[in-house]
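In what follows, every chain begins at residue 1, and chains take the letters A, B, ... in the order their sequences are listed. Since the model is a prediction, treat every value here as computed from it, not as a measurement.
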Amino acid sequence: MIDPLQYFAPTTLQQASSLLVQWGPRARMLSGGTALLPALERAQWSATAIVNLKTIPGLRELEFDPSDGLHVGALVTLAELQRSPIVRAHYPVLQETIAYVATPQVRNLATLGGNLCVATPTADLAIILLALDARVTVHRVGGKDTLSLDRFYPTWGGTQLAQGEILTGISIPPPRGSARYQRFMVRQAVDVPLVNFAIALEQQEGQISHARIVLGGSGPRPLRMIRAERALLGQLAGRETFARAIDLVIADAYPPDDLRASRAYRHELLRVLLRRTFSTFTTTDRANASF
Amino acid sequence: MPLFDIHLTVNNIPTKVAVRPQATLLDVLRDALGLMGTHEGCRVGECGSCTVLLDGKAVNACLVLAPDADGRTITTVEGLEQDGTLNALQQSFVKHGALQCGYCTSGMLMTATAFLGEQNNAVAEMQVREALAGNLCRCTGYTKIVKAILAAGNE
Ligand SMILES: Cc1cc2nc3c(=O)[nH]c(=O)nc-3n(C[C@H](O)[C@H](O)[C@H](O)COP(=O)(O)OP(=O)(O)OC[C@H]3O[C@@H](n4cnc5c(N)ncnc54)[C@H](O)[C@@H]3O)c2cc1C
Ligand code: FES
Ligand code: FES
């Protein structure tokens, strides 16, 4: 049972901010509610005031501009993104990622802003959006601020948001090259990933000109595998290059060792899945793939 | 503790309900409106037995805070029958033996209703199975549920 609550339905960001400041840590924001309600029900979070963000207009835009990229309002649901023709045309990897998240019912409620702000180290959208160099817009008292998603997540976990600050939108630059998302679960639906990661690569005349590798669940936040990314730059996309990068990811990755799987098992899983995923970036490798 | 008036349209009937702000839509349907067809399994979004249509979309009623449902349209399993007879999907469940204890059935029916409503072409088994990813059944092994939905969808 959820403890008694005060419920607020602000209609502007300013109102929502002041309520959040006034109630301090006793207040919780409500977007889709799919993380909030279970956490209250299980008494993992406590709250005496709920500030509904869905009563604030203007946080649901979904716009694409070829030179600017995609702008997504914080309240756009995962189901809306999954079904959007714009997303399908320009960022198919986002739809592939969302298909892994939760259940159809949860995706109808869950918002992109909520997924990024819950900030679990395995949050699917955070991982792929870090690989796509996304930026976020934050409403602060006295204005707004835009920062990279990478800076939005401090190294010690959580988010950069201070009391009263609200994530209002997400911007994804125009697609560079192509990207893949990979998540391994024992059960095919509603299971915790054993490993998950995203890779984005751009090639120019066979040479890798841009690389992002982001790993989930290997620390307090999704992590960029910087050494492996650097090892790819300027190299020919192919088996040897990828093998060197994979060795560096394995060396730098520190996945959990728990009841679901040992660290050694996750390392092995990661190696296989990385090899498989990298191989889809080159046609010759795909033909030679041995798994 | 203060109650909160919300306006809902439930199974086509406009309704005003006084709710506790911490109640969920599931509590409102079962406790305030007496619509016991919407079942409570886990209360944390994992089992799907509380699935209802909110403005036409399948959602977990246990994940919707009651005051947040103000002004919305809800369909529960009680709203599926037509003039006192089971609709085609419900009859397909009966015909295919798609239930045993029946605990998951109303959720399965609501998820399937939303899913079939979105399809313009013939439905494939894999699509049905993916649509049911958020509905647990501990009895049937899913096979007959999938068959019932496929039959209703491809009639
Ligand atoms: C059955 C089930 C399966 C799930 N599976 C997955 C999964 O596979 N992958 C995954 O990543 N997650 C999963 N989740 C977790 C969760 O549903 C998602 O992360 C979801 O996207 C959260 O979004 P929301 O809008 O529902 O957040 P809410 O529950 O509304 O918000 C939670 C908290 O986030 C913060 N917040 C929300 N919006 C904002 C904002 N705009 N600005 C600032 N802070 C904000 C607030 O602190 C708020 O209290 C699952 C949940 C369930 C119930
Ligand atoms: S009771 Fe709502 S999903 Fe289980
Ligand atoms: S019939 Fe018993 S849970 Fe599905």
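The candidate with the highest count of non-hydrogen atom pairs below 4.5 Å against chain A, out of B:Gly48, B:Ala133, B:Pro67, is B:Pro67. Considering only heavy-atom pairs separated by less than 4.5 Å from chain A, the leading option among B:Leu54, B:Asn60, B:Asn135 is B:Asn60. Interface summary for chain A: among B:Leu132, B:Asp68, B:Leu136, the most heavy-atom pairs under 4.5 angstrom belong to B:Asp68. Options A:Leu30, A:Leu109, A:Thr103 differ in how many heavy-atom pairs under 4.5 Å they form with chain B, and the most are formed by A:Leu109.
Of residues 108-128 of chain B, those residues lying under 4.5 Å from chain A by any heavy-atom pair are B:Thr111, B:Glu118.
Relative orientation of the A:Phe8 and A:Trp23 rings is tilted, given thresholds of 30° and 60° on the angle between their planes. Taking the six-membered ring where tryptophan is involved, the planes of B:Tyr103 and B:His39 are tilted, since the angle between them lies from 30° to 60°.
Contacts between B:Cys42 and chain A at a heavy-atom distance below 4.5 Å are absent for every atom of the residue. The contact between A:Ile50 and chain B is made entirely by side chain atoms (from C-beta outward), counting heavy-atom distances below 4.5 Å. At a 4.5 Å heavy-atom cutoff, A:Arg107 makes no contact with chain B through either its backbone or its side chain.
The shortest side-chain heavy-atom distance between A:Leu125 and A:Leu116 falls under the 4.5 Å cut-off.
No side-chain N or O of B:Gln100 forms a donor-acceptor pair with one of B:Thr140 less than 3.5 Å apart. Of the N and O atoms on the side chains of A:Thr280 and A:Arg180, at least one donor lies less than 3.5 Å from an acceptor on the other residue. Judged by distance alone, the side chains of A:Asn52 and A:Thr55 never bring a donor and an acceptor atom under 3.5 Å apart.
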* To do: Just do the salt bridge (charged side-chain N to carboxylate O under 4.0 Å, His left out) check on B:Asp70 and B:Lys16 with the steps written out, would you?
  => CA-CA 9 Å; B:Asp70 190 24; B:Lys16 187 174 127 186; over 6 Å; no

* Can you list the steps and then say if A:Val138 with A:Phe152 is a side-chain contact (heavy atoms from CB on, under 4.5 Å)? -> CA-CA 10 Å; A:Val138 173; A:Phe152 183 68; 4.2 Å; yes

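The ring-ring contact (aromatic ring centres under 6.0 Å, His included) test applied to B:Tyr142 returns no partner, not counting sequence neighbours.
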